[in-house]
Amino acid sequence: MGNEDLLNKIKKIVTRQSFGVFIALIAIWIFFGVATDAFFSFNNLINVLRQSSVIGIITVAMTMLITSQEFDLSVGSMFALSGILFGVLTMTVGLNQWLAIIITFAFAILVGLVNGLITLKIGIPSFITTLGTMMLLRGAALVTSGGYPISGFRELSFINIVGGRFLGLPAMSIWFLLIAFAGYIIMNKTKLGYKMYATGGNTKAAELSGINTTKIKLIGFVLTSVAATIASFTSIGFLGMVSPTQGQGFELEVIAASVVGGTALFGGSSSMIGAFLGALIMGSIKNGLSIMGTSAYLQQAFIGLVVIVAVIINVQFQD
Amino acid sequence: MKLFKKTSLLLIATLVLTLIFGFGYQTTTLAENDYEFRVIVHLADDTFWIPAISGTEKAGESLGVDVSFTGPSTTEIGEHVSMIEDAIAADVDGIATSLPDASAFNDIVAEAREEGIPVVGINVDAPDSERMAYVGEQAVEAGRVLGENIVKHVGEGGQVAVGSSQPGQTSLEDRFAGAKEVMDENNIDYEFIDVTEDITTAVERFIDYYTANPNVDGFFGVGGLSTHASSSAVETLGLQGQVAAGGFDLLPETLTAIKNGYAQFTVDQVPFLQGYYAVNQLYLYNEYQILPVDINTSAGVVDESNVEEVIELSDDGYR
């Protein structure tokens, strides 16, 4: 009897979607561990975690949004604009940094609401709405900054929260771990998470059972925009500067990380552990190839290959 | 006869000993020189870098060292910093990197130096970082060369548009500043236009400028893309002979335009030398503790007098 229980438990873990992602991550790590001496050094594993953090933070929120059957392509632009807005408020206007942070987050919430309301109230697919806001927000970042990067953040005390190291870990990675944990709790232990799965799985049925699906999706849009803003703050903490051109193409990397992690592209099914591992996979591939000194061309091709393989496996799973 | 035998034996012995020592000596030198250098640049898949890649390869071959050329395919500073971080983790013997932001690279360059890895800046400099030397053009000086050539082709008091694909990028701004000095001295009426990083849009920006200012005497660029666009605009508008064009870098399109008379000149920053000298400096530092020194690789001018030979060398990947 005891043996069977154990066997069932193992079976449950092995057939879990995120277990496959975990195996993929380990396989990639072994590959790079064999190919280079440096990959498995302690410092480099910390580097992998840090380098996965910006994409990872946004991936957590994007996974929730995709679960409720919507997309947000404007996250890369928001990653630039929120930092630029904060930079202009503090450096150019000379506003108090904490007030500037509050205004920046208020703006992020507004952007999430605009994305959501245009999509849900007017009935435009979120793919199109956020494609529009992606360009709009990028333009706004360039206009607001005059095209120039903004630096000088090291003088602000808020940099101690988003930059530097705690317990040997870069602040950026700690934010990533905290947000991934929060995402796990929301999706697995709260009503909101349950409602997101229900909304994405079958919107009509969810509505019939009394779930306000519009509200649920709106929350998803707001969280995604806010996550891009947090990611932007951690990037400022790490680099001490923000550029209006930063984050181009991040939307696709984020969606790729989420899908590699097992999120169903058509909503209703996802795993936060998988998404976390998906972001680590994207970061590990970049890091490993870069340690090997491979050319930039090869890196893109390799990441593309991994995404395609992951999506094929993903689709097989949905069937 | 005995003497002859003895002499030949001695000769053979000397020969064998020389060979043994010679070979032995060579192998030990090779083992000692087992250096690995990493060259990291922004926009690494830009055709601009082809001669720089040739330069690093040539230097690597002649010195018997291992050199890899890599970098982010975008201007994403975060990714660029990560790749330097990865080179440090890979424990390379030297790093040559472009430094396309005034402050964002300070921490990572300091980290490399702390780890005992020499760092040489190439192409774009960040003088406040701890890079040991800079190999590239002196941008303000190169900008003055642009200014002098603008005056030469449009005459005193002319009206010109000067395009940039990345306003705010330090070296492009410095080139413009240099050009401005000379243009101010010669009463040239200039407008600085943001042509974006997209070639089609860039050509249209020049065409739009012409629509608004039909009396314009010249289109110029402070970078490779904007220069390519300036000559394409002259060609598209059929203004050959009426509107001058030119600028920076040896993109194949720019060279062809000079040959066909759509552009008059381009300033060469000799990317080959940036790769070649940087690798040599890293080698000399590792081998003999010779400190890297600043090397100015600018600013020769290619015009109709020498464009034919330069095109040949460009096809071979050297210019």
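The chains referred to below are lettered A, B, ... by the order of the sequence lines, with proteins before strands, and numbering in each begins at 1.
- Shown here for A/Ser290 and B/Arg38, the closest heavy-atom pair between the two residues is O-NH1, 2.7 Å.
- Neither the backbone nor the side chain of A/Phe153 has a heavy atom closer than 4.5 Å to any heavy atom of chain B.
- In this structure, CD on B/Glu85 lies 8.5 Å from CG on A/Asn44, to the nearest 0.5 angstrom.
- A donor-acceptor pair under 3.5 Å is formed between the side chain of B/Glu76 and the backbone N or O of A/Gly247.
- The line from OG1 of A/Thr36 to CG of B/Asp86 is 10.0 Å long, rounded to the nearest 0.5 Å.
- In summary, the side chains of B/Glu79 and A/Gln51 do not present any donor paired with an acceptor at a separation below 3.5 Å, with no hydrogens or angles considered.
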I'd like to know whether B/Ile77 forms a side-chain contact (heavy atoms from CB on, under 4.5 Å) with A/Met241, so could you lay out the CA-CA distance, the side-chain angles of the two residues, the decisive distance to 0.1 Å, and finally the verdict. CA-CA 9 Å; B/Ile77 302 284; A/Met241 56 82 73; 4.2 Å; yes

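- When atom types are taken as modelled, the side chain of B/Thr70 and the backbone of A/Thr294 share a donor-acceptor pair closer than 3.5 angstrom.
- Within 6.0 Å of CG in A/Asp37 there are 12 or fewer heavy atoms belonging to other residues, nucleotides or ligands.
- Within a 6.0 Å sphere centred on OH of B/Tyr277, heavy atoms belonging to other residues, nucleotides or ligands number 12 at most.
- Using a 4.5 Å cut-off between heavy atoms, B/Asp107 touches chain A through its side chain atoms alone.
- Between chain A and the residues B/Thr75, B/Asp101, B/Asp91, B/Val39, the largest count of heavy-atom pairs under 4.5 Å involves B/Asp101.
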Run the side-chain hydrogen bond (donor to acceptor under 3.5 Å, both in side chains) test on A/Arg154 and B/Ser103 for me, step by step, so that the C-alpha distance in whole Å, both residues' side-chain angles and the decisive distance to 0.1 Å come before the verdict. CA-CA 10 Å; A/Arg154 298 246 186 262; B/Ser103 65; over 6 Å; no

Check against side-chain contact (heavy atoms from CB on, under 4.5 Å), A/Lys286 and B/Met83: CA-CA 9 Å; A/Lys286 278 192 188 176; B/Met83 292 179 104; over 6 Å; no

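- In B/Tyr318, the OH atom is not crowded: 12 or fewer heavy atoms of neighbouring residues, nucleotides or ligands sit closer than 6.0 Å.
- Between chain A and the options B/Val81, B/Ile40, B/Asp194, the largest number of non-hydrogen pairs under 4.5 Å is found for B/Val81.
- Few gaps surround CZ on A/Phe158; more than 12 heavy atoms of other groups in view lie less than 6.0 Å from it.
- A pairwise comparison of heavy atoms in B/Ala89 and A/Asn47 identifies CB-ND2, 4.0 Å as the closest pair.
- Going from atom NE2 of B/His80 over to atom CG of A/Leu239 covers 11.5 Å, rounded to the nearest 0.5 Å.
- If you measure heavy-atom distances from A/Asn287 to chain B, the contacts under 4.5 Å come from both the backbone and the side chain.
- Heavy atoms of B/Asp66 lying under 4.5 Å from chain A are absent altogether.
- Per-residue heavy-atom pair counts under 4.5 Å with chain A were compared for B/Ala87, B/Ala104, B/Ser82, and the maximum is reached by B/Ser82.
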